Amino acid sequence: MRIFNSYTNKIEEFETIHPNKVNMYVCGPTVYNYIHIGNARPVVFFDTVKRFLEKKGYEVKFASNFTDVDDKIIQKAMEEKEDELKISQKYIDAFLKDLSDLNCKIDYIQPKVTEYMDYIIKFIKELIDKGYAYNVDGDVYFRVDKVKDYGKLSNQNIDDLIAGSRIDINPKKESPLDFTLWKKTTVGINFESPFSLGRPGWHTECVSMIDDIFNEKIDIHGGGVDLQFPHHENEIAQSQALHCHTLAKYWMHNGRLSFKNEKMSKSLGNVVLVKDVTEKMPLRYFLLSTHYRAPLNYDDESFAMYVKEWQKLQTAVKSLFLKLELDHKLNEEIEIVSKDILAEVDKFNTAMEDDFNTANAITSVQTMIKSINQSLRKNTDANYLNQQLKAIKYMMEVLGLDAKLDRLTEADRILYDDWQKARNSKNFQLADELRSKLVERGII
RNA sequence: GGACCCUUAGCCAAGCGGUAAGGCACGGGACUGCAACUCCCCCACCGCCGGUUCAAAUCCGGCAGGGUCCUCCA
């Protein structure tokens with residue numbers, strides 16, 4: 001398996017640090033609002049990565065944080081005259097709901113900044129003790145020029161960064177590039193620390209959590225490209241300072257999502273929230289339709305295409321499942337031995353192993369769909385149909401696409417029989433009534 | 001000002017030196033009680049110009065257009 005490593009800027013053979021074990025971390029949301037579909041891209045993508053690694057037999061330890069201490073949350077809390085923790089909890093719940101709707105597994109480790117305060121403080125203290133951080137009147141900054149290779153991940157050199165720096169000059173900092181580890185403040189939620197009453201800086205949160213949860217260099221660190229600089233660069237700097245390593249062996253960054261070729265942002269007023277998109281599976285399908293590193297553009301016209309494709313996919317899988325059920329021939333334990341099906345599954349896996357090329361993997365899904373429809377037209381034997389079902393289910397599980405295949409109840413079978421009888425006796429009015437019942441129950 | 005990326009049919013999108021995957025739409029057939037679904041066929045010389053090569057969408061150079069990062073942003 002090959003993965004593009006943003007740190008080295010190369011496609012590399014994937015080798016885990018420990019045999020058969022993958023430790024991975026993805027930067028999670030700052031919970032001050034509902035997430036939009038751009039936020040959903042890394043979530044869905046890395047969920048897919050995890051699914052595939054697990055299918056390959058890796059034991060995956062996956063963590064993704066909730067930033068529940070942040071200026072934006074404080075601001076929101078003041079606006080809504082609500083307690084900050086309530087605000088963040090509200091949006092954590094909403095986030096998890098969106099994830100479930102997008103069929104993302106939510107059983108991963110979910111650290112919150114508020115629950116990690118002791119550890120974060122200890123982490124900052126250690127940086128100060130080792131001379132990598134300094135305290136100025138209660139504010140603590142990280143000394144960037146003490147770390148060599150700063151800028152390697154985002155491929156920028158320090159001199160250019162300083163020259164192009166548009167950050168307002170902060171006289172407390174030794175260098176404009178130094179970033180905040182601890183901010184002295186009494187506004188909003190704050191915590192006691194040896195430095196001052198205040199709260200931690202964003203860049204130190206993830207790295208502290210990783211340090212505690214994994215206790216060593218991890219295999220994969222993921223997030224959106226926009227986090228590459230400065231967030232991930234700063235995480236690496238802190239890790240270099242304390243542990244002399246780059247925090248993660250493979251750094252993975254997904255490309256941005258735009259809306260009608262414009263940046264999706266609140267200021268442009270073109271934000272599409274996940275909760276407002278009713279077609280959740282098509283959304284997931286859409287998010288995986290382009291290679292994760294490429295930019296992805298959302299507009300209603302192209303999204304409609306994916307809605308349609310999803311329906312086609314779902315129809316085929318449901319029909320196949322239904323046929324086997326009605327014939328009492330469903331066999332989920334079957335082994336795939338048919339050469340053409342094996343070849344397609346193989347092609348699918350090859351695409352996924354090639355830096356998670358979901359776009360090409362989806363091609364295999366479509367090929368399977370076509371061949372399923374073909375065999376449903378013919379009188380294909382149940383053995384082959386069961387193998388096809390097994391193959392398509394495997395692919396859909398990896399991609400996290402759920403067609404909701406429920407076993408038929410006795411009542412369902414009777415309903416279906418009655419429908420067929422009505423049709424055969426040309427009682428079309430009754431047939432149509434029964435058909436709409438079947439559709440309603442999601443059977444056909 | 002610095003760093004970097006993209007441009008493939010009407011639309012979405014693979015490919016990454018060996019002669020254009022796939023999907024949607026369109027058109028032509030078939031199936032069909034009506035709907036829907038489905039099947040078969042058809043559908044591109046890869047932004048423009050030049051270079052390297054036996055061979056280029058794929059490498060190099062120039063031009064045009066679009067975008068990203070350097071600042072909170074997934």
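Values in this document were obtained by computation on a predicted structure and should not be read as measured data. Reminder, nothing fancy here: chain letters follow the sequence lines and each chain counts from 1. Side-chain atoms are counted along with the backbone in the values below, which use heavy atoms only and exclude waters and symmetry mates.
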Nucleotide opposite rC16(B) in a Watson-Crick or G-U pair, distances under 3.5 Å:
none
Out of rA14(B), rA74(B), rC40(B), whichever nucleotide has its closest atom nearest the side chain of K370(A)
rC40(B)
Calculate the interatomic distance between N360(A) atom CG and rC16(B) atom C1'; express it in whole Å.
12 Å
Spacing between D47(A) atom CG and rA74(B) atom C1', to the nearest angstrom
16 Å
Phosphate oxygens OP1/OP2 of rC24(B): is one of them under 4.0 Å from a side-chain N or O of Q366(A)?
no
With rounding to whole Å, what would you report as the distance between rC24(B) and rC43(B) at their C1' atoms?
13 Å
Under a 3.5 Å limit on both distances, the Watson-Crick or wobble mate of rU53(B) is none
In this structure, how many angstroms lie between the C1' atom of rG23(B) and the CG atom of N357(A), rounded?
15 Å
Return the pairing partner of rC34(B) with a 3.5 Å limit on both distances, Watson-Crick or G-U wobble; otherwise return none.
none
Rounded off to whole Å, could you give me the CG-to-P distance for the L287(A) and rA13(B) pair?
13 Å
At 4.0 Å (heavy atoms only), tell me whether F428(A) reaches a base, stays on the sugar-phosphate, or touches nothing.
base
Take the protein atom CD of Q228(A) and the nucleotide atom P of rC73(B), then report the distance between them rounded to whole Å.
14 Å
Going by an N to O cut-off under 4.0 Å, is there a salt bridge joining E325(A) and R407(A)?
yes
Can you tell me how far C1' in rU52(B) sits from the matching atom in rA44(B), rounded to whole Å?
26 Å
With the side chain of M305(A) defined as its heavy atoms from C-beta on, choose the nearest nucleotide among rC37(B), rC12(B), rA21(B).
rC12(B)
Work out how far the P atom of rG23(B) is from that of rU38(B), and round it to whole angstrom.
12 Å
Consider the side chain of A359(A), meaning its heavy atoms from C-beta on, and name the nucleotide among rA13(B), rC12(B), rC69(B) that approaches it most closely.
rA13(B)
Would you call the rings of H231(A) and H203(A) parallel, tilted or perpendicular, where under 30° means parallel and over 60° means perpendicular?
tilted
Which class fits the ring pair Y250(A) and F14(A): parallel under 30°, tilted 30 to 60°, perpendicular over 60°?
tilted
Remember a base hit wins even if backbone is also touched, and classify I444(A) as base, sugar-phosphate or nothing at under 4.0 Å, heavy atoms.
nothing
My understanding is that a pair needs two contacts under 3.5 Å, Watson-Crick or G-U wobble. By that rule, which nucleotide pairs with rU71(B)?
none
Apply salt bridge (Lys or Arg N to Asp or Glu O under 4.0 Å) to residues D93(A) and K97(A) and explain how you reach the verdict.
CA-CA 6 Å; D93(A) 293 343; K97(A) 169 77 166 62; over 6 Å; no
Kindly indicate whether the side chain of D432(A) and the base of rG33(B) share any N or O donor-acceptor pair separated by less than 3.5 Å?
yes
Choosing from rC40(B), rA14(B), rC31(B), which nucleotide comes nearest the side chain of R377(A)?
rC31(B)
Please determine, for the side chain of R256(A), which listed nucleotide (rA13(B), rU68(B), rU38(B)) has the closest atom?
rU68(B)
Can you tell me the pairing partner of rA64(B) across any strand shown, Watson-Crick or G-U wobble, with both distances under 3.5 angstrom?
rU7(B)
By nearest nucleotide on RNA chain B, pick out whichever of S289(A) and I362(A) is the more 5' one.
S289(A)
Check whether any side-chain N or O of N373(A) sits under 4.0 Å from OP1 or OP2 of rC39(B), and answer yes or no.
yes
Provide the distance between the two C1' atoms, one in rA74(B) and one in rG66(B), to the nearest whole Å.
22 Å
Between rC24(B) (P) and Y285(A) (OH): distance, integer Å:
8 Å
Return no unless some side-chain N or O of K378(A) is found under 4.0 Å from OP1 or OP2 of rC39(B).
no
H291(A) side chain: which of rC24(B), rC12(B), rA14(B) is closest?
rA14(B)
Aromatic plane relationship, H253(A) with H232(A) - under 30° parallel, 30 to 60° tilted, over 60° perpendicular
tilted
Work out how far the P atom of rC48(B) is from that of rA56(B), and round it to whole angstrom.
15 Å
Got a donor-acceptor pair under 3.5 Å from the side chain of R435(A) to the base of rA36(B)?
no
Return no unless some side-chain N or O of K312(A) is found under 4.0 Å from OP1 or OP2 of rC24(B).
yes
Indicate whether OP1 or OP2 belonging to rA13(B) is found under 4.0 Å from a side-chain N or O atom of N297(A).
no
Quick one: label N155(A) by what it contacts on the DNA or RNA (base, sugar-phosphate, nothing), any heavy atom closer than 4.0 Å.
sugar-phosphate
On RNA chain B, does the nearest nucleotide to D226(A) precede the nearest nucleotide to N261(A) from the 5' side, or the other way round? Give the residue.
N261(A)
Does this structure show an ion pair linking K76(A) with D70(A), if we count only N-O contacts that are shorter than 4.0 Å?
no
Indicate whether OP1 or OP2 belonging to rU38(B) is found under 4.0 Å from a side-chain N or O atom of K318(A).
no
For the C1' atoms, the ones on rC45(B) and on rA20(B), what distance do you get once it is rounded to whole angstrom?
8 Å
Please report, rounded to the nearest Å, how far the P atom of rC73(B) is from the CD atom of E262(A).
21 Å
Classify the ring geometry between W419(A) and Y416(A) as parallel (under 30°), tilted (30 to 60°) or perpendicular (over 60°).
perpendicular
Quickly work out the F286(A) CZ to rA13(B) P distance and round it to whole Å.
8 Å
Cationic tip of K152(A) above Y7(A) ring, under 6.0 Å, 45° of axis:
yes
Determine the Euclidean distance between corresponding C1' atoms of rC46(B) and rA14(B); express it in Å to zero decimal places.
12 Å
Distance between P atoms of rG15(B) and rU7(B) (Å, rounded):
11 Å
